[in-house]
Amino acid sequence: MLQRASSPEGVQAARRAVRITVASSAGFYPVLYALNEPVVALYALFTPILLGILSPLPGSGGDRARVVVRSLPAAMALTALGTALAVATASAVAGMVLVGFAVSFAAACGPGPAGAAPGLQLFYILACFPPYLPDTLPERLAGVLVGGALLVLCELLVLPAPAEVAYRERLASALQLAARAAAASARGAAAEPGRAVELRAAGQALRLSRLPPAVRPTGAQRTDRALAHTGGATRRLLDQLARATEEAAPVPVRDPVSAPLLKAIAAECAAMAENLRGRRPVAGPEALQEMVEQFLAARGRAASGAREPPSLALLRRQSAVLAEAASVVTARAAVCVALGGRRRVYGLPSEQLWYARPPALVLWLRRLTGNLTLHSVVFQNAVRITIGLGLARVVVGSLDLSHGFWVLLAVLTLARTTAGATWSAVRLAVIGTFAGALTAGALILGAGEATGLYAVLQIPLMLLAFSVGPVGGLAWAQGLFTLVVSTAFAQLGPVTWRLGEARAVDVLTGCCIGLLCGVVAWPAGSAVELRRGVARLLTEVAPLVPATVAATLPAPAAEGAGTRTQQPSEGKTCKPRAYKDSSWQALWQARHRLRLAEAAYAQYHSEPQGHHEAAPDWTAVLNCVIHTLVAANWLPRIAARDLPGAVPGAATSWAREAAESTAAAVNRAADFPPGGIQVPPVRIPYAMESLLTCPVLPVLVDIENWLLTLRADLEAIAD
C-alpha cells in the first residue's frame, strides 16, 4: 500500500523528481538519437540518477550543486578505475574492496562526502563489469561529464531545493534568547512563565542529532569544529539559565556582585548573535574574561569584608552566574575561531581550543585516524559495506550474471545499520522488484521492438518513480525503478521479456548478500556500540572528578607539606603543574571517546526505534561527561585566582569525600543498573559553614554547584 507522506515531504520529492528527470533526459535523448552514442547516453542518463536520487545529497540547490561539482572529478576517476580493473574478476574485486571502504569511510569527513558516497561507489560499480572495453573510456567519461553538468544546472535552476535554516542562524536565535534571560536576571525581574521551558527547548533544538544533515557542523575543518564547540557551550548556557530560572526565589535576591557580570553575559550573547549574522566585527573573549576577574575579586571582597558570612543561597546563585560566564567565554572563544579565523585565544587552556592552531590537513588526518577503530560506527559501516560489495562482486564474477550491476546496487541501497532494518528493507525490495519485473516483462512482450514507445514512456515513468518512490516506500521505489531501467535499456539495444527476470534475479541475489552481511557484521547497529562506548567513557572520566577537586583545593599544609603547586603570575590564571601533567592525556582521551560516542548517538537516532524504548537517557549521560570535562578546565583556573593561601582541613575533607562519592556513582552508572543511580548528598553541611573562613566558602560552593549538576545528570540516566 502506498504510504501517505506529509505534504512538504511529498512536494520536495516531486520537485526533485522533476530536476532529475530533466537532467537525465536532456543528456540521454539528444546523445542517443541525434549523436548515436549509446555509451555516452547511458552514462549521461545514470549520472543524475546516481548523484541525485541514489545519493542523499544534503542542503539547498546551491549546496547540492557544489557537492556535485566537487564529486565529478572523483566520479570520473572511479569510472576510469572501474574500466581498467574490469579486465579480470580478481582485479575488479580488489578495486571494489578498496573503493568501497575508502568512499564509505569518507563519511567521517562530513555530510557532503557522506551523501555523495553511494553515488561515487556506483560509478566504479557501473564501469567494472564485463565486457572489458577500455576503448570506451572516453565515451564513458564524456557521459559522466555531460550528466554531471546538467545535474548542476538543474539543481540551480529547475525548482531548486529551498535552503534549510543555517546553523549560524539557529545559534544566533538561541543566543538572543539567552541574552534576554540574562538581562532579566540582571535586573532582578521575576521569571516569565514558561521561560525555563523555552530555554531548554532552544538548547535541545541545537543538538546535532536533531538537525538536518545539511546544517550540522560535523566537518573536520576548523570552522565546523568551532561552530560545533560554540553550539555545545550555548546549550550548556541555556540549560544553566533554565535551571537558574527554575530555582529563582519568589522575591528577587539583591545581588550587586552578580548584576554587572549578568549584564556582561547578556551583552556578549547579543554581540555573538550579531557576529553570527555577519553584522558586527568579531571580538575576542578578553572583555568578558576581565569582567569575570572583577566578579571574582568582588565576590572575595564581599565574603571577607562582611560582618557575617554571606548566605549559602546567595553564594550558590553567584556560583551559578560564574558557571554561566564560563560557558559564554567558551562560546565567544569558539566564535572567534569560527568567524574571525583566530589561531590563538589568550586566557583559555590550549586544549579547549586544540583545533585552532593545526593546519587544515592535520585536522582532516586527525578525523580520519581517530575513526580508524572498531569502536567507531563510521568504521563499522564502512567495513560492513565493503564486505557486502566485495562478496557481491565475487558472486557476480563467478556466476557470470548478465546484469551484475543490479546485484551490487541492491547491496548498496538496501543495506542498513541493523539486521532488523535490513530484513525489513529486503522484504519490501523483493516484493517491489518482482512486481516491477512482471510489469516490465508484460510491457516488452506487448511493445516488442517499438523503440518510440519506450522513449515516450520513459519520462513519465521517471517522474513517477522519482516522486512516488521516495515517499511511498521501498516496494514502490524498486518496482518503479525496474520499469525505468527496462525502458532505458530497451532503447539502447534489443531486449526481451527476460530483462525483467534478470533484474529480479540480480536484486534477489543482492538482497541475500546484504542480509547476510547485516546479520554477520554488527547486526545491532549503533545500540551495542553506543552502550559500550558510553560505559567506557564514564569509566574514564570518573577519576577526573576527584582529580579536579584535588587541583582546585590543594591539600592543607600539614597534609601536603611536600607538595608544591604552581602559583599564578600577575594577571594570569593557571592550573597546578602536577594536575596539568597528569590529566592532560586523560582529558584528550576522554574527548576522543566523546566524539565517537556522539557519532554513535547520532546514528542511533536514525535507526528504527523499536529497540530504543528501554534505553538509558543518553543525553543525560553525554551531559555528565561534558560537564566533567568543562569543570576540569575551569575550576582549577578559577580557584587559582580566588582561593586564599590556606585551606582548612575540614573544607578539603568535605570536598574530597563528595568528589569520591560522585566518582563512585559515575563508575556505577557505567553498568547502567535498571533501578538507576542514587548519588549520596553533596551539599555543604550547614554545621561547617561557621567553621570555614569566609574566602574559602565561595570556592566550595563552586565545587558544590558542579557536583550537584553531575548528580542531576546521573539521576536522569534511568528516567
Could you tell me which non-hydrogen atom of [X] sits nearest to which non-hydrogen atom of [Y], and how far apart they are?
X	Y	value
Leu227	Pro217	CB-CB, 4.0 Å
Ala419	Gly518	CB-O, 3.5 Å
Ala521	Arg384	O-NE, 3.1 Å
Leu150	Gly27	CD1-N, 3.4 Å
Tyr167	Gly231	OH-CA, 3.2 Å
Leu72	Ala149	CD1-N, 4.4 Å

Excluding sequence neighbours, so at least two apart, what forms side chain to side chain donor-acceptor pair (under 3.5 Å) with [X]?
X	result
Arg532	Glu529
Asn371	Ser376
Arg64	none

Listed partners of [X] passing ring-ring contact (aromatic ring centres under 6.0 Å, His included), at least two apart:
X	result
Phe129	none
Tyr29	none
Tyr601	His605

Show the atom names and distances, to 0.1 Å, of all donor-acceptor pairs under 3.5 Å that link a side chain in residues 460-473 to residues at least two apart or in another chain.
residue, atom, partner, partner atom, Å
Ser467, OG, Leu463, O, 2.5
Ser467, OG, Leu464, O, 3.4

Only distances under 3.5 Å count here; give the side-chain donor-acceptor pairs of residues 430-445 to other protein atoms, sequence neighbours excluded, each with its distance to 0.1 Å.
residue, atom, partner, partner atom, Å
Thr433, OG1, Ala429, O, 2.7
Thr433, OG1, Gln478, OE1, 3.4
Thr439, OG1, Ala435, O, 2.9

| request: Would you check, one step at a time, whether the test side-chain hydrogen bond (donor to acceptor under 3.5 Å, both in side chains) holds for Asp63 with Ser60? | output: CA-CA 5 Å; Asp63 295 331; Ser60 64; 3.2 Å; yes
| With sequence neighbours left out, which residue pairs that include part of residues 42-62 fulfil the salt bridge (Lys or Arg N to Asp or Glu O under 4.0 Å) condition? |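 Every candidate salt bridge (Lys or Arg N to Asp or Glu O under 4.0 Å) pair involving residues 42-62 fails, so no pair, neighbours aside, qualifies.
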| request: Count the heavy atoms belonging to other residues, nucleotides or ligands that lie under 6.0 Å from CH2 of Trp423, then report whether that count exceeds 12. | output: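 Atom CH2 in Trp423 is not crowded, with 12 or fewer foreign heavy atoms closer than 6.0 Å.
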| field | Under the salt bridge (Lys or Arg N to Asp or Glu O under 4.0 Å) test, residues paired with Arg393 that sit two or more places apart | value | none
| task | State the SG-CG distance between Cys154 and Leu159, to the nearest 0.5 angstrom. | result | 9.5 Å
| Say you draw a straight line from CG of Leu391 to OG1 of Thr386; how long is it, rounded to the nearest 0.5 Å? |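 If we round to the nearest 0.5 Å, Leu391:CG and Thr386:OG1 are 12.0 Å apart.
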Taking [X] for its side chain and [Y] for its backbone only, find out whether a donor-acceptor pair lies under 3.5 Å.
X	Y	value
Thr136	Leu133	yes
Gln380	Leu374	yes
Arg168	Val165	no
Arg216	Leu211	yes
Asp224	Gly219	yes

| Check against side chain to side chain contact (heavy atoms under 4.5 Å, CB included), Gln603 and Thr417 | CA-CA 9 Å; Gln603 178 175 309; Thr417 56; 3.4 Å; yes
Could you list the donor-acceptor pairs under 3.5 angstrom formed between side-chain atoms of residues 40-53 and any protein atom two or more places apart in sequence or on another chain?
residue, atom, partner, partner atom, Å
Thr47, OG1, Tyr43, O, 2.7

Side-chain donor/acceptor pairs under 3.5 Å, residues 106-127, sequence neighbours excluded:
residue, atom, partner, partner atom, Å
Gln121, NE2, Gly100, O, 3.1
Gln121, NE2, Ser104, OG, 2.6
Tyr124, OH, Ala92, O, 2.8
Tyr124, OH, Met96, N, 3.2

Is there a side-chain contact between [X] and [Y] (heavy atoms, below 4.5 Å)?
X	Y	value
Phe481	Trp406	yes
Leu622	Leu594	yes
Leu145	Leu141	no

| task | Report the C-alpha separation of Trp618 and Phe672 in whole Å, then their side-chain angles, then the decisive distance to 0.1 Å, and conclude whether the ring pair (Phe, Tyr, Trp, His ring centres under 6.0 Å) test is met. | result | CA-CA 11 Å; Trp618 298 116; Phe672 303 107; 5.4 Å; yes
